[in-house]
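All of these numbers come straight from a predicted model, not from anything done at the bench. Letters go in sequence order (proteins before strands), and every chain restarts at 1.
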Amino acid sequence: MDLKMSTDRALELRLGLPGDSPAEPRQEKKRLFWEIADKGSRNDDLQTKNQVVGWPPVCSYRKRVIPSSKKEADPSKTFMKVSMDGAVYLRKIELGAQGGYRVLVKAIQTLFSCTGIGLAEDTEEDDSLEYMLIYEDKDGDWMLVGDVPWKMFLGSCKRLRVAKRSDYVKHMRLSTAHHHRLSVG
Amino acid sequence: MNYFPDEVIEHVFHFVESNKDRNSISLVCKLWYRIERFSRLRVFVGNCYAISPERVFARFPFMKSLFLKGKPHFADFNLVPDDWGGFLYPWIEYMARNKVNLEELRLKRMIVTDDSLELIAASFANFKSLVLVSCEGFTTDGLAAIAANCRFLRELDLQENEIEDHRGQWINCFPECHTSLVALNFACLRGDINLAALERLVARSPNLKSLRLNQAVPLETFHRILVRAPQLVELGVGSFVNDPESEINDKLTSALQKCQSMRSLSGFFEVTLSCMSAIYPVCENLISLNLSYAPEIPGNELIKIIQHCRKLQKLWVLDCIGDKGLKVVADSCKELQELRVFPFDPHGVRNGAVTEEGLVAVASGCLKLNSLLYFCQQMTNEALITVARKCPNFIRFRLCILNPTKPDAATMQPLDEGFGAIVQSCKGLRRLSMSGLLTDRVFHYIGSFAENLEMLSVAFAGDSDAGMLYVLNGCKKLSKLEIRDSPFGNVALLMDVRKYETMRSLWMSSCEVTMGGCRTLAKMMPRLNVEVINDSGDLDKHGDDNQVVNKLFVYRTLVGPRKDAPDFVWTL
């Protein structure tokens with residue numbers, strides 16, 4: 001019978017490297033991954049056109065908890081947490097909606113109903129500024145806001161903090177004094 | 001054994017805990033069958049549709065603990081429609097009505113409703129333990145009912161469930177007199193939690209050994225909990241975000257140092273990297289570490305953490321650890337038995353960050369490795385052959401190459417030889433998942449060598465029916481076979497239909513089986529449920545035999561076609 005013959009042929013053991021055997025009639029039926037991907041998937045709301053349903057086999061719960069590709073897609077749309085020394089509650093601010101550093105400072109001052117928040121360039125000059133604005137970057141370091149171009153800051157800022165300038169200035173004065181001592185001799 | 005009174009035999013059986021062994025015991029003779037069934041307290045039902053509650057409790061009337069599994073495994077990857085089935089309610093309803101003394105319930109991939117949870121809370125006075133894994137269909141209101149009414153509840157363990165969070169006060173519902181909690185895991189809840197109530201609960205639970213918090217629990221609360229519960233053995237951190245200059249960091253470090261019993265750590269949904277060093281002292285004694293839900297910890301910090309984990313046996317991590325980090329694992333974690341490396345980008349848009357190098361490094365350094373789940377960018381036969389040689393003890397080997405038909409990255413050949421080496425070397429292999437370019441040859445190897453294989457997952461593999469046939473003919477202990485997007489059709493499906501009664505289930509999707517093949521199978525094997533899942537609506541139920549069936553699920557059952565199937569699921 002036809003069926004039996006084709007099965008026997010299929011079960012035949014052959015020595016030799018893979019790919020050596022004569023062309024098998026069923027090879028053109030083999031489903032290629034990229035063919036399926038191009039066809040798109042039925043569940044269009046779950047996947048984009050170039051992805052296949054259920055691949056990679058990561059369970060849907062995990063896919064929801066780690067939407068990392070979404071995070072990297074549009075940093076300008078993220079809301080950033082802002083904490084302030086002495087304030088009980090944190091606030092959130094849409095970073096991408098601020099036009100630049102000065103606008104950001106104004107917005108944060110409004111959020112916390114305060115004045116006198118300084119940026120990197122305000123460090124030494126202005127004694128009237130009670131606070132400094134600092135941020136945590138991708139490497140986990142805390143940096144003064146205002147040193148880098150705005151767009152670069154948007155991409156690397158993870159959260160913001162309004163720190164008391166008096167803590168910061170103490171540190172500055174110590175290092176200046178040290179320098180002074182060194183130069184005297 | 002005929003000379004022993006029944007009580008003595010029963011006493012001996014008491015020491016047999018594994019259900020597999022108990023099943024074997026009950027086949028020896030009628031006497032042993034009878035004694036065993038009255039002494040079985042823990043019942044495992046691997047497919048909730050293989051049997052009915054009536055028959056389970058008729059056989060095991062003194063059952064106290066039930067473990068039920070519902071949907072097929074591929075439901076995890078959205079291949080099974082949501083309302084396919086796996087409903088808990090009928091089981092609870094039966095047990096409540098028949099006054100079963102249920103104390104422990106463990107569920108995987110079932111649809112649980114608030115009604116079910118409320119019925120549990122109302123019906124089982126001695127209820128002690130609820131463990132839900134990958135379940136859905138319920139809300140925090142159901143949890144509130146459990147908390148409020150199960151006076152002796154010791155364990156509430158929610159793993160990776162889809163729970164509608166009503167942000168209510170479910171944790172408040174544990175009454176003040178409830179002091180028996182041993183394990184509480186609500187890491188998968190997405191909403192806020194009443195922090196004060198949580199702290200009070202921890203304070204009045206002296207036996208609490210395992211606590212896994214969700215992302216809404218901030219560092220300050222976490223610290224206070226640690227101070228109250230230094231006896232914790234398993235800890236899931238919620239949010240690990242803090243101002244690095246705050247004095248909490250020192251307090252946290254000293255609180256963690258007092259947790260001498262800590263053996264398992266997880267969570268870290270969001271972190272402040274400069275505070276991570278607080279956990280290093282705890283790492284020295286860790287047996288289990290799960291950072292697979294911590295996308296904010298970069299590779300170099302993972303390395304710092306792992307270097308402290310000298311006693312680690314189980315590690316779950318994201319692939320941002322890189323091959324470099326896996327080499328550190330190989331050097332530091334000589335006791336490692338289980339490794340899972342998940343893709344940082346689960347949507348697969350980016351390439352994975354680990355390759356065959358990382359795997360070879362771990363296999364070379366961690367000689368006790370027996371369980372692997374590895375998502376990687378590429379693989380080679382040479383690497384797999386090396387791994388097979390160095391680690392012959394694999395019980396579970398699951399490899400996922402993010403591009404599923406990718407050949408050997410060095411030789412461009414199929415990965416048949418590599419996986420062939422794995423099955424040949426690892427004689428105890430029970431579970432295998434493969435990916436990459438694979439021909440019928442790999443199935444020939446599996447059929448020839450994988451004598452203990454119980455579960456096989458196949459995707460985008462094989463050339464012809466021969467592939468599937470090698471497996472069905474060769475793997476005597478095969479219990480679950482799940483196949484997607486592979487060229488297997490009716491010839492393979494129908495060659496040995498009696499095989500399926502020796503297995504729990506067969507799943508085939510996007511293969512080449514047709515309505516004719518499925519109808520034939522159903523006709524030949526009345527004790528199988530042959531379910532055609534027509535969620536796409538493409539098929540005509542009374543139509544041509546030649547229609548290709550997109551999703552097929554076949555499982556053995558003692559209770560015939562189920563009555564709760566939705567209208568797009570046809571039991572032929």
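Of the two parts of Ala492(B), neither the backbone nor the side chain holds a non-hydrogen atom closer than 4.5 Å to a non-hydrogen atom of chain A. Tyr293(B) touches chain A through backbone and side chain together, each having a heavy atom under 4.5 Å away. Neither the backbone nor the side chain of Ala461(B) has a heavy atom closer than 4.5 Å to any heavy atom of chain A. The contact between Val241(B) and chain A is made entirely by side chain atoms (from C-beta outward), counting heavy-atom distances below 4.5 Å. For a residue to count as touching a neighbouring chain, one of its non-hydrogen atoms must lie under 4.5 Å from one of that chain's; by this rule Asn300(B) does not touch chain A. Using a 4.5 Å cut-off between heavy atoms, Ser435(B) touches chain A through its side chain atoms alone. When heavy atoms are compared at a cutoff of 4.5 Å, Arg190(B) approaches chain A solely by way of its side chain, counted from C-beta outward. Heavy atoms of Asp141(A) lying under 4.5 Å from chain B are absent altogether.
Between Cys59(A) atom SG and Phe74(B) atom CZ the span is 13.5 Å, to the nearest 0.5 Å. One finds the CZ atom of Arg62(A) at 11.0 Å from the CZ atom of Phe77(B) (value rounded to the nearest 0.5 Å).
In this structure, the side chain of Trp55(A) does not engage the main chain of Ala459(B) through any donor-acceptor pair within 3.5 Å. No donor-acceptor pair under 3.5 Å is formed between the side chain of Arg159(A) and the backbone N or O of Thr272(B).
Listed here is the closest heavy atom pair of Pro57(A) and Phe375(B): O-CZ, 3.4 Å. Closest of all the heavy-atom pairs between Val53(A) and Leu79(B) is CG1-CD2, 3.9 Å.
Between Lys81(A) and Glu270(B) a salt bridge is recorded (basic side-chain N to carboxylate O distance below 4.0 Å).
Side chains of Cys188(B) and Tyr61(A) form a contact here, defined as non-hydrogen atoms less than 4.5 Å apart. Within the 4.5 Å cutoff, the side chain of Asp76(B) has no heavy atoms near those of the Ser60(A) side chain. Between Arg64(A) and Glu160(B) there is no side-chain heavy-atom pair separated by less than 4.5 Å.
Remark: of the listed residues Ile401(B), Leu402(B), Asp345(B), Leu402(B) is the sole one forming a side-chain contact (heavy atoms from CB on, under 4.5 Å) with Pro56(A).
With sequence neighbours excluded, no residue satisfies ring pair (Phe, Tyr, Trp, His ring centres under 6.0 Å) with Phe568(B).
When each of Ser433(B), Cys400(B), Ser274(B) is scored by its heavy-atom pairs under 4.5 Å with chain A, the top score falls to Cys400(B).
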